[in-house]
Amino acid sequence: MADLDSKLVGVIGDRTAKVVETTFGYKTLGELLHHYPRRYLVRGELSDIAELKEGDEVTILAEVFSATSRRLHARKGNILEVIVTDGSAKLSLTFFNQAWREKELKVGSQGLFAGKVGVFNGKRQLAHPDYEMIPDGNDVDSAVEEFAGKYLPMYPASAKLPSWKIAQCLELALGALDELDDFMPEEILEKYSYPSLQQALRQLHNPADLDQAALAKARLTFDEAFLLQLLLLERRLELRKLKSTPRVRVSGGLLDKFDAQLPFELTAGQKSVAQEIENDLSAAHPMHRLLQGEVGSGKTIVALRAMLAVIDSGGQAALLAPTEVLANQHLRTIEKLLGSLAQGGMLGSESGATKVTLITGSQNAASRKDSLALAANGDAGIVIGTHALLGDAIVFKDLGLIVVDEQHRFGVEQRDALKSKAINPPHLLVMTATPIPRTVAMTVFGDLDVSTLTELPLGRQPITTHLVPTLEKPTFLDRAWQRIKEEVALGHQAYIVVPRISASDSNDSDIDFLYGEESKDIYSVEELGPELQSGALKGLRVAPLHGRLSTEEKDSTMRAFAAGEIDVLISTTVIEVGVDVANATIMVIMDSDRFGVSQLHQLRGRVGRGTSPGLCLLVTSALPESPARERLDAITKTTDGFELSRIDLEQRREGDVLGANQSGTRSHLRLLRVLRDETLIEQARADAQELITADPELAKHPLLKNELAKIQADSAAEYIDKG
Ligand code: ADP
Ligand code: MG
């Protein structure tokens with residue numbers, strides 16, 4: 001008899017086992033049994049195509065009418081479109097990058113198709129439906145009869161392993177399985193009336209009815225959430241055990257002087273977060289805190305104050321930025337905010353003053369040497385840099401705090417590389433300008449404490465966002481250029497954001513082809529810039545900014561823009577995060593449907609940062625009522641970053657939602673969806689917390705401990721693989 005760790009070979013036949021391994025990477029029964037059905041085909045619940053409505057989950061019996069595959073222009077790949085008919089009407093089925101299915105879906109053959117009805121370009125369709133073809137020559141009635149009363153599971157499949165074949169393997173696997181031990185504590189199973197692990201696996205693959213399947217699925221989904229939360233809570237406990245140097249605020253130090261010279265009052269939110277950070281820094285174990293805040297909520301000051309507290313107590317701080325543009329800007333902002341407090345070592349400088357230095361990849365040898373020396377001898381209290389800061393050559397005298405700006409671009413690995421540069425584990429403050437819903441934070445950053453800034457500083461003017469739909473209102477675009485001229489006439493500045501650098505550049509933002517049209521002209525910096533300069537924006541000082549310019553060019557352009565020497569910056573998304581020029585009041589985003597929701601929210605956060613109101617114009621040629629237009633509409637209607645990040649996350653795949661942070665544990669998350677399963681995640685978190693508080697070593701739960709160890713071993717292995 002077999003258990004979950006048993007090899008597939010011997011249970012499902014050697015040849016099939018090989019195919020399963022090459023297709024899905026599964027070697028054990030447990031892995032195969034966790035290959036879950038996406039849905040079930042139910043006999044007696046067939047729908048007529050004519051009656052399908054958008055959003056319905058349906059199963060239809062239909063005949064293949066035509067099948068055509070074609071290449072996509074806008075991005076790599078191909079699309080297979082299959083038209084089926086049931087006599088009453090036709091329906092289109094689409095498959096992206098699965099041209100091999102054309103062989104299965106032969107014209108004239110019949111099959112059962114299941115999926116959720118969507119609408120694209122006004123036509124009803126099933127995107128990536130599940131299906132079961134009726135073998136040639138079989139009589140349809142008896143084939144359909146065959147699973148009368150049964151719920152036929154439909155599995156994620158491939159050319160070599162169609163769904164029915166997977167179902168066969170699972171039947172063999174379930175049959176071979178011994179009595180299983182269940183790692184889930186008895187109390188929890190009782191609390192939610194969940195089935196045992198064995199029952200759940202049986203009922204999910206071979207349910208008596210759909211309610212039973214749903215409960216089985218709930219149990220297995222809970223498993224994922226619960227194990228993940230336990231892992232994260234354990235990691236937190238481990239962190240608590242680490243020793244770090246407490247950085248206690250010194251009165252009369254840099255921080256006090258800084259506060260005294262600050263030209264504005266901190267918001268209530270900034271004050272309370274500052275207090276949380278101060279408490280963390282003075283503890284003997286490292287801080288691990290995520291600071292999330294609305295665009296423009298003032299995270300930089302909060303981080304800077306933490307850095308000053310660390311310098312006051314004798315340590316150094318590193319500030320890691322995702323791009324050179326941002327690193328440069330941080331240097332300027334911080335030097336400006338600190339004023340004479342950043343003039344350490346200069347004649348007549350303020351006592352206790354420190355130095356701020358910059359380390360980037362494109363710096364020249366001499367300035368790099370200076371910066372390295374300042375970091376190594378401790379003279380630089382603040383070292384700002386891009387990932388160049390992670391290099392082996394960079395040594396700190398006493399690194400006490402790492403601040404990571406715009407977290408989503410940094411993985412755990414990079415954080416670890418920096419940590420290794422400190423004597424004791426340093427304190428860590430991670431900032432993100434893309435606010436994320438609570439359960440996502442719990443899942444992605446579950447080992448971090450979270451502080452949130454929701455409030456914007458007093459006097460900040462709201463941003464107004466309007467749509468410029470060029471299909472229906474072609475004249476609106478001229479109006480947009482006119483508005484730029486009006487703002488410039490008032491002494492303000494403007495951004496124009498475009499998806500790509502040059503016309504030949506295919507590197508525009510990667511948005512699902514379903515959201516945009518397949519092939520259309522996309523604006524580029526190199527075309528639009530000169531066109532506007534000699535046309536609609538004649539007489540204004542227009543300058544380009546994009547990733548292909550040299551660092552010096554980028555930097556001098558940013559400086560000139562900040563100094564008001566450029567009226568209009570025409571740029572790619574290099575200005576997406578953090579760029580801060582208070583005098584800029586208008587932003588026009590071309591082909592705005594090419595950008596993600598959070599990205600657009602970030603972008604428009606670049607205007608209205610001063611005391612004049614900001615205006616953002618979203619130019620699009622997307623069709624009315626298309627998903628792209630719906631997203632853009634959502635952005636015009638709210639400036640609540642949390643709400644927008646929900647919309648954004650809902651449109652992404654789970655792997656993208658979880659990001660690199662969960663790289664190791666991701667393969668263990670098959671059913672869990674961080675947004676859909678919010679309640680379940682909250683419950684799992686609470687249950688995990690209760691359990692680990694009562695039994696931190698899991699001494700009373702050896703099976704659970706064992707299960708966690710397995711996941712940890714897998715994540716470690718994946719981590720090494722990525723090497
Ligand atoms: P973000 O959270 O998006 O990184 P920043 O830290 O760049 O925001 O702050 C945005 C702008 O608001 C900066 O110009 C900053 O100096 C200013 N600012 C920050 N805190 C306050 C405050 N309490 N009152 C007024 N202005 C503030
Ligand atoms: Mg910022």
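Just so you know, ligand 1 is whichever comes first in the structure, and atom 1 is the first atom listed for that ligand. Throughout, numbering of the chain's residues begins at 1 and tracks the sequence.
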One thing to verify: whether [Y] and [X] come together as a salt bridge, which I'm taking to mean a side-chain N less than 4.0 angstrom from a carboxylate O.
X: Asp449; Y: Arg240; value: yes
X: Asp379; Y: Lys397; value: no
X: Glu526; Y: Arg500; value: no
X: Arg332; Y: Asp555; value: yes
X: Arg479; Y: Glu486; value: yes

For ligand 1, which atoms, with element, lie under 4.0 Å from some heavy atom of [X]?
X: Thr267; result: 23 (N)
X: Thr300; result: 4 (O), 5 (P), 6 (O), 7 (O)
X: Glu265; result: 22 (C), 23 (N), 24 (N)

Are any of the N or O atoms of Gly298 closer than 3.5 Å to those of ligand 1?
->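 N/O-N/O distance under 3.5 Å: yes.
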Record the part of Leu266 in heavy-atom contact with ligand 1 below 4.0 Å; permitted values are side chain, backbone, both and neither.
->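 Backbone only.
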Could you see which bit of Gln270 sits under 4.0 Å from ligand 1, with heavy atoms only: side chain, backbone, both or neither?
->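 Gln270 to ligand 1: side-chain contact only, backbone stays beyond 4.0 Å.
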Stepwise salt bridge (charged side-chain N to carboxylate O under 4.0 Å, His left out) test for Asp259 and Arg305 | CA-CA 8 Å; Asp259 281 348; Arg305 291 184 73 265; 2.9 Å; yes
Ser297 to ligand 1, any heavy atom closer than 4.0 Å |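 Under 4.0 Å: yes for Ser297.
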